[in-house]
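Because only heavy atoms are used, hydrogens play no part in the values below, and waters and symmetry mates are left out as well, while side chains stay in.
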Amino acid sequence: GAFRVGVSKTLVNRALAEVAGIEPAVMAHRLMGVWQPRANYYAALFDPKTESDDPARPYPFCLAYPLEEEESEHLEVKLGSPEDWQIEWKWDGIRAQLIKRGSLVILWSRGEEMVSDQFPEIVSETVSISEDVVLDGEVLVWDFDNERPAAFSQLQRRLGRKQVGPKLQKEAPAIFMVYDLLEYNGEDLRGRPTAERRALLESLDFGQSSAFQKSPLIQASSWQAVSAVREESRERSVEGLMLKKSTSAYAAGRKKGEWWKWKVDPFTVDAVMVYAQQGHGRRAGLYTDYTFSVWDGELLVPFAKAYSGLSDAEIRRVDRWIRSHTQEKHGPVRVVEPQLVFEIAFEGISESKRHKSGIAVRFPRIHRWREDKPASEADNLETVRSLL
């Protein structure tokens, strides 16, 4: 009744494409968006004709590989001249495609969810675009006073809602930061070079609409200059830089060497493990999901949960330790002796009324196990708050 753990979407897509005798990119497109396991859907899925796709269906997203720290030290060797690359900010929002085909206007997230109702001002302002287009970009809540993205927590206020009323639209105004043009008046542009698609995007007129902005390009004569610009990321409320090869097509999924994301170094905090739960799937039966605390005076206050970052060998060691150092059990949760210290990395931080610590962090994960450090030397809440 299910795929085994470990089968990637790309592998399933390639297998289906081979059976159907069509290109993997076409199959990936057919699998996007709303899809139901019914006879007519299966017939369309394996149709040898490639031009009969649903007009409401988005394209598969082109994804970037992370540029590792050791690679970033030798960019001239790895990437050549910066003039061969389109360099932009890496926006911290929701990746999305905006489809405008005739009277049809739909906003799709990268998670293949229709988010038109969560961001009605973007959909309604699409009338400012006279052409039929498919745009790739980022949905952001925008701070118009400071001309920068608002905290991600403001964007989260709009997610998961069936409707977003005028009050929330005013408190957390959304924009669509456009950085690619995938289709223009019915023509699929994905096979054209990035630089050519960008030139066409520049010719698009959004009128006086405040719901659309074009992602600015960064000009630099050397990778040292690019690196210096990247250092401005945090003060601009962005995650780093995107590097897109000027000659690259818009691929389905990740194609190594064509798109890179060069993120700023994450925040890190040394924290104490206080709770543990068993994992799922391949990690079922092992304690792999942890809650971490920092000091607030003489008390430990939970501030983050994390379940990734340890090797399999480390997971087994921690699991054995948890079983022999459990103080209490509350259903599936074990309260453990506050002894183990881990360095927790995360991308963003904001104030939160929902958390006891008053802090919420984004994408927390275990950076390393600090076996050299006793619990008394873990960070305190004041240090964490200073990161705000």
Side-chain angles (χ1 to χ4, degrees), residues 1-68 94-99 101 104 106-115 134-138 180-183 186-194 197 242 244-245 247-261 279-286 288 307-309 311-312 315 363 365:
F3 291 119
R4 72 171 179 85
V5 173
V7 173
S8 71
K9 179 187 276 190
T10 303
L11 182 58
V12 173
N13 176 68
R14 280 172 43 206
L16 290 171
E18 189 172 316
V19 170
I22 61 176
E23 290 296 317
V26 175
M27 180 57 72
H29 191 199
R30 292 180 182 184
L31 289 169
M32 288 288 287
V34 179
W35 202 94
Q36 298 291 331
R38 298 177 184 155
N40 59 327
Y41 279 81
Y42 277 105
L45 195 65
F46 293 101
D47 188 342
K49 289 187 250 176
T50 61
E51 67 276 358
S52 58
D53 288 310
D54 183 349
R57 202 174 293 281
Y59 289 112
F61 285 83
C62 184
L63 305 176
Y65 274 93
L67 195 63
E68 302 299 339
I94 298 172
R95 181 84 180 275
Q97 281 180 30
L98 181 69
I99 293 175
R101 293 172 176 143
L104 176 74
I106 299 180
L107 189 64
W108 288 99
S109 76
R110 182 185 147 192
E112 299 179 30
E113 294 181 0
M114 198 182 298
V115 292
V134 176
L135 303 173
D136 184 17
E138 202 94 1
D180 217 327
L181 178 61
L182 310 186
E183 184 179 300
E187 182 185 354
D188 183 351
L189 305 178
R190 292 176 300 156
R192 296 199 193 184
T194 292
R197 297 196 312 274
M242 288 292 300
K244 302 175 182 177
K245 202 167 190 177
T247 56
S248 66
Y250 189 94
R254 287 184 175 86
K255 187 174 181 182
K256 199 152 193 177
E258 309 231 312
W259 279 26
W260 298 97
K261 51 185 177 183
H280 303 280
R282 151 177 110 78
R283 293 178 160 191
L286 292 170
T288 61
Y307 53 85
S308 63
S311 68
D312 288 345
I315 287 172
F363 303 135
R365 68 269 189 195

Is the number of heavy atoms from other residues, nucleotides or ligands under 6.0 Å of Tyr307 OH greater than 12?
-> no
Leu135 CG to Glu183 CD distance, which is reported to the nearest 0.5 Å = 10.0 Å
Should Val115 and Ile94 be marked as a side chain to side chain contact (heavy atoms under 4.5 Å, CB included) after you check the CA-CA gap, both sets of side-chain angles, and the distance that decides it?
-> CA-CA 10 Å; Val115 292; Ile94 298 172; 5.8 Å; no
Of all residues at least two apart in sequence or in a different chain, which pass the ring-ring contact (aromatic ring centres under 6.0 Å, His included) check with Tyr59?
-> His29
What heavy-atom pair brings Ala20 and Phe46 nearest, and what distance separates the two atoms?
-> CB-CD2, 3.5 Å
Going from CG on Leu31 to CG on Leu45, what distance comes out if it is rounded to the nearest 0.5 angstrom?
-> 5.5 Å
Interatomic distance, CE@Met27 vs CG@Asn13, rounded to 0.5 Å, equals 7.0 Å
Atom NZ of Lys261 with >12 non-hydrogen neighbours under 6.0 angstrom | yes
From the options Lys244, Arg110, Arg197, Arg95, select the one residue that forms a salt bridge (Lys or Arg N to Asp or Glu O under 4.0 Å) with Asp136.
-> Arg95
Closest approach of Pro60 to Ala252 (non-hydrogen atoms, all atoms of both residues) = CB-CB, 3.8 Å
Is the number of heavy atoms from other residues, nucleotides or ligands under 6.0 Å of Arg14 CZ greater than 12?
-> no
State the CG-OG1 distance between Leu181 and Thr194, to the nearest 0.5 angstrom.
-> 12.0 Å
Give the ring-plane orientation class for Tyr250 versus Trp259, where under 30° counts as parallel, over 60° as perpendicular and anything between as tilted.
-> perpendicular
Spacing of CZ belonging to Arg190 relative to CG belonging to Asp180, to within rounding of 0.5 Å = 11.0 Å
Heavy-atom pair with the smallest gap, counting every atom of Val134 and Gln97 = CG1-OE1, 3.8 Å
Using the side chain to side chain contact (heavy atoms under 4.5 Å, CB included) rule, take Arg30 and Leu16 through it: C-alpha gap first, then chi angles, then the decisive distance, then the call.
-> CA-CA 11 Å; Arg30 292 180 182 184; Leu16 290 171; over 6 Å; no
Taking all non-hydrogen atoms of both residues into account, name the closest pair between Met242 and Ala64 and its distance.
-> CE-CB, 3.7 Å
Mind checking ring-ring contact (aromatic ring centres under 6.0 Å, His included) for Phe363 and listing every partner two or more places apart, or none if nothing turns up?
-> none
